[in-house]
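Report on one structure; see the data block that follows.
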Amino acid sequence: MEQVTHGDGARVSIGLPVYNGERFLDRALTCLRSQTFREFELVISDNGSTDETAAICARHAAEDGRIRYLREETNRGASWNFNNVVRGSTADYFMWAAHDDLWHETYVARCVELLDARPDIVHCYAGGVSIDEHDRPLRNLRFGPDLTCDSQSERLRRYFSNPTAFHSLFGLIRRSALGFTDLMPNCFAGDVIFLAQLSLVGRATYVDDRLFYNRDFDGRATRVLTESEAAAWYDPANAARTPSSRFTQLRLVGRAIRRVPMSMAERVRCALTLLRWANWNRRFLLTEAMATLRPSRP
């Protein structure tokens with residue numbers, strides 16, 4: 001694994017996983033380097049790219065000592081890559097960044113300001129706008145559910161009822177909260193599982209300004225991949241497995257309920273909330289169970 005350069009003493013770690021991102025990567029890195037909040041490290045994990053990604057990353061790392069560039073020789077999947085930037089970072093605040101997104105120059109500063117002022121909050125993100133391949137706005141992104149309440153079971157219930165703010169995955173998170181999660185699971189909808197687990201750890205809120213720009217374009221993985229293909233995108237080993245994202249969600253959220261500190265009464269309420277989610281998803285769970293039991297073709 002190659003390491004180019006890095007900076008020390010950062011308050012924020014930004015983790016950018018990438019695979020063959022030459023089309024938008026330079027723009028994203030320039031945008032992150034232009035943040036008004038300067039005390040950050042940017043950890044890039046290149047998952048065996050075969051295009052100009054390595055050259056783009058090396059150039060930016062040579063120009064900016066805050067950048068640490070890690071390169072893997074083979075593609076180990078999006079899940080591994082998302083988790084690798086966490087493992088390679090050090091700061092008390094952590095933020096994932098996608099190689100094709102953009103951010104207002106005050107994005108990191110506004111999130112840091114909120115977390116600094118609110119020690120009871122473990123996760124914050126800003127409002128977002130969907131943009132096309134030419135940076136033109138398409139639509140506003142929906143804010144997520146109100147997760148500022150004290151009750152862990154109520155936060156989980158609210159998240160399950162409205163898991164729509166996928167861009168909250170790219171918000172700022174206290175590192176101390178990450179240890180109670182499984183980070184990015186290696187299955188389809190891994191981001192949904194991670195955010196459900198995080199809702200159990202602590203309160204979340206958002207900056208009520210649209211400072212995040214999420215790229216939406218033809219060929220984007222979330223548009224063109226089937227559930228089976230997306231599972232293999234998360235982890236190439238999934239190509240030989242039967243998709244079981246709902247069972248994985250049931251198992252991992254259940255594990256977080258056991259792992260996260262809470263009263264016994266609240267733990268029971270969280271378990272009941274998870275059982276209600278399983279009941280809502282019983283048709284999908286049954287389909288996954290039947291597919292697992294079905295004999296594989298020779």
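The first residue of the sequence shown is numbered 1, and numbering continues consecutively from there.
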Side chain to side chain, Glu154 and Tyr159, heavy atoms closer than 4.5 Å
no

Looking at Arg11 and Asp116, is any side-chain nitrogen of the basic one under 4.0 Å from a carboxylate oxygen of the acidic one?
yes

Minimum heavy-atom separation for Val122 and Ala177, please, with both atom names.
CB-CB, 4.0 Å

Assess the side chains of Arg175 and Ser89: does a donor N or O sit below 3.5 Å from an acceptor N or O?
yes

Taking a hydrophobic cluster as the set of Ile, Leu, Val, Met, Phe, Trp and Tyr residues connected by side-chain heavy atoms closer than 4.5 Å, whether directly or through intermediates, do Phe166 and Val129 fall within one such cluster?
no

Would you say Asn81's side chain and Pro17's backbone share a donor-acceptor pair under 3.5 angstrom?
no

Could you check whether any side-chain heavy atom of Arg259 comes within less than 4.5 Å of a side-chain heavy atom of Asp182, counting everything from C-beta outward?
yes

Is Arg27 salt-bridged to Asp101, going by a charged N under 4.0 Å from an acidic O?
no

If hydrophobic clusters are built by linking Ile, Leu, Val, Met, Phe, Trp and Tyr wherever their side-chain heavy atoms come under 4.5 Å apart, do Leu115 and Phe94 end up in the same one?
yes

Arg174 and Asp92 ion-paired at < 4.0 Å:
no

Heavy-atom side-chain proximity of Trp103 to Ser34 below 4.5 angstrom:
no

Answer with yes or no whether the hydrophobic clustering places Leu114 together with Phe212; edges join I, L, V, M, F, W, Y residues whose side-chain heavy atoms lie under 4.5 Å apart.
yes

Taking the side chain as everything from C-beta on, heavy atoms only, tell me whether Cys57 gets closer than 4.5 Å to Leu25.
yes

Run Asp100 and Arg23 through salt bridge (Lys or Arg N to Asp or Glu O under 4.0 Å) and show every step you take.
CA-CA 8 Å; Asp100 49 4; Arg23 184 179 180 188; over 6 Å; no

What is the minimum heavy-atom distance between Ser153 and Thr273, and which atoms define it?
O-OG1, 3.9 Å

When you compare the side chains of Glu266 and Ser151, does any donor N or O come within less than 3.5 Å of an acceptor on the partner?
yes

Under 4.5 Å between any side-chain heavy atoms of Val12 and Tyr93, yes or no?
yes

I'd like to know if Asp235 pairs up with Arg76 as an ion pair, taking the criterion as any Lys NZ or Arg NE/NH1/NH2 lying under 4.0 Å from an Asp or Glu carboxylate oxygen.
no

Output every pair passing ring pair (Phe, Tyr, Trp, His ring centres under 6.0 Å) with a member in residues 44-68, not counting sequence neighbours, ordered by first then second residue.
none

Which heavy atom in Tyr234 sits nearest to a heavy atom in Gly190, and how many Å separate them?
OH-N, 3.5 Å

Closest contact, heavy atoms only, Ile14 versus Ala97
CG2-CB, 3.8 Å

Between Ser130 and Arg139, is any side-chain donor less than 3.5 angstrom from a side-chain acceptor?
yes

Mind listing the closest non-hydrogen atom pair of Leu200 and Cys270 along with its distance?
CD2-SG, 3.7 Å

Do Thr287 and Arg246 pass the side-chain hydrogen bond (donor to acceptor under 3.5 Å, both in side chains) test, and can you show the C-alpha distance, the side-chain angles, and the key distance before you say yes or no?
CA-CA 10 Å; Thr287 299; Arg246 275 89 177 177; over 6 Å; no

Given side-chain contact (heavy atoms from CB on, under 4.5 Å), test Leu16 with Val43 step by step and report yes or no.
CA-CA 6 Å; Leu16 192 151; Val43 180; over 6 Å; no

Could you tell me whether the side chain of Leu29 reaches within less than 4.5 Å of the side chain of Ile44, counting heavy atoms only?
yes

Applying the 4.5 Å side-chain criterion to the ILVMFWY set and letting contacts propagate, would Leu198 and Phe180 be lumped into a single cluster?
yes

Quick test of your reading: applying ring pair (Phe, Tyr, Trp, His ring centres under 6.0 Å), list the pairs with at least one residue in residues 181-206, sequence neighbours left out, ordered by first then second residue.
Trp96-Phe194, Tyr125-Tyr206, Phe143-Tyr206

Closer than 4.0 angstrom, basic N to acidic O: yes or no for Asp135 and Arg215?
yes

Name of the residue among Arg66, Arg33, Arg68 meeting salt bridge (charged side-chain N to carboxylate O under 4.0 Å, His left out) with Glu41
Arg68

Show your working on side-chain hydrogen bond (donor to acceptor under 3.5 Å, both in side chains) between Arg282 and Asn279 and close with a plain yes or no.
CA-CA 5 Å; Arg282 60 187 180 276; Asn279 184 51; 3.2 Å; yes

Test side-chain hydrogen bond (donor to acceptor under 3.5 Å, both in side chains) on Asp46 and Tyr69; report intermediate values, then the result.
CA-CA 8 Å; Asp46 177 2; Tyr69 173 49; 2.7 Å; yes

Could you check if a side-chain atom of Leu274 sits within less than 4.5 angstrom of a side-chain atom of Leu250, using non-hydrogen atoms only?
yes

For the pair Arg158 and Asp146, find out whether any cationic side-chain nitrogen is under 4.0 Å from an anionic carboxylate oxygen.
yes

Would you kindly say whether Ser79 and Asn186 are connected by a side-chain donor-acceptor distance under 3.5 Å?
no

Exam field: side chain Ser49 to backbone Asn20, donor-acceptor pair closer than 3.5 Å
yes

Would you mind reporting whether Leu147 and Thr205 have side-chain heavy atoms less than 4.5 Å apart?
no

With hydrophobic residues grouped by side-chain heavy-atom distances under 4.5 Å, do Phe170 and Tyr213 end up in a single group?
no

